[in-house]
Amino acid sequence: MKKYSCYNLRGLEAELRNRSILTSGATIFTHQLEVLLGLTGAAERIKTNASLWRHFLMVNQWVPGWRYSADLSNQADSRTFLDAVGQVIHWIEVNI
């Protein structure tokens with residue numbers, strides 16, 4: 001695992017640029033989770049697990065407006081989404 005010794009996301013973004021991991025036009029301040037996954041170097045590994053990849057694709061459909069409008073979904077869909085988030089978080093904690 002790469003260590004960056006950064007105390008905030010701005011510092012991490014600068015360090016990723018310094019290491020030529022993040023291009024000058026890109027940012028880590030995004031909801032595009034596939035872009036962020038690519039920065040971890042683990043994208044190909046997660047794709048080899050079909051079930052987990054389906055969970056990731058579901059999580060990647062996150063809409064920032066969901067934070068502000070509870071009526072954009074229902075309880076069953078929310079539970080399914082949060083379960084997928086839990087699966088992806090667990091994989092990240094174990095594998096990255």
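Just so it is clear, the values below take in all heavy atoms, side chains as well, and ignore hydrogens, waters and symmetry mates.
By the 6.0 Å contact criterion, OH on Y7 is open, its count of non-hydrogen atoms from other residues, nucleotides or ligands being 12 or less.
Closest approach of T40 and L37 over heavy atoms only: OG1-O, 2.5 Å. The two residues A84 and M58 come nearest to each other via the heavy atoms CB-SD, 3.7 Å. Between E13 and F29, the shortest heavy-atom contact is OE2-CD1, 3.6 Å. Smallest separation of non-hydrogen atoms from Q32 and N60: C-OD1, 4.2 Å.
Listed for the E15 side chain is no donor-acceptor partner under 3.5 Å among the backbone atoms of Y4. Using modelled atom types, no side-chain atom of T30 and backbone atom of T27 make a donor-acceptor pair closer than 3.5 Å.
Interatomic distance, L36 CG to I28 CD1, rounded to the nearest 0.5 Å: 7.5 Å. Atom CG of L82 is separated from atom CD of Q75 by 10.5 Å, given to the nearest 0.5 angstrom. Between the CG atom in L16 and the SG atom in C6 there is a gap of 7.5 Å [rounded to 0.5 Å].
The stretch residues 68-96 participates, sequence neighbours left out, in these ring pair (Phe, Tyr, Trp, His ring centres under 6.0 Å) pairs: W66-F81.
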Contacts under 3.5 angstrom, residues 42-57 side chains, donor-acceptor by atom type, not counting sequence neighbours:
unit_1	atom_1	unit_2	atom_2	d
R45	NH1	N95	O	3.2
T48	OG1	R45	O	2.6
N49	OD1	S51	N	3.3
N49	OD1	L52	N	3.0

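Cluster annotation: V85 and V94 are assigned to distinct hydrophobic clusters (Ile/Leu/Val/Met/Phe/Trp/Tyr, side-chain heavy-atom contacts under 4.5 Å, transitive). The hydrophobic clustering, which links ILVMFWY residues whose side-chain heavy atoms are closer than 4.5 Å, places V35 and W62 apart.
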Under the criterion side-chain contact (heavy atoms from CB on, under 4.5 Å), I'd like the reasoning laid out for R79 against D83: C-alpha separation, chi angles, the key distance, then a yes or no. CA-CA 6 Å; R79 174 61 48 210; D83 288 344; 3.7 Å; yes
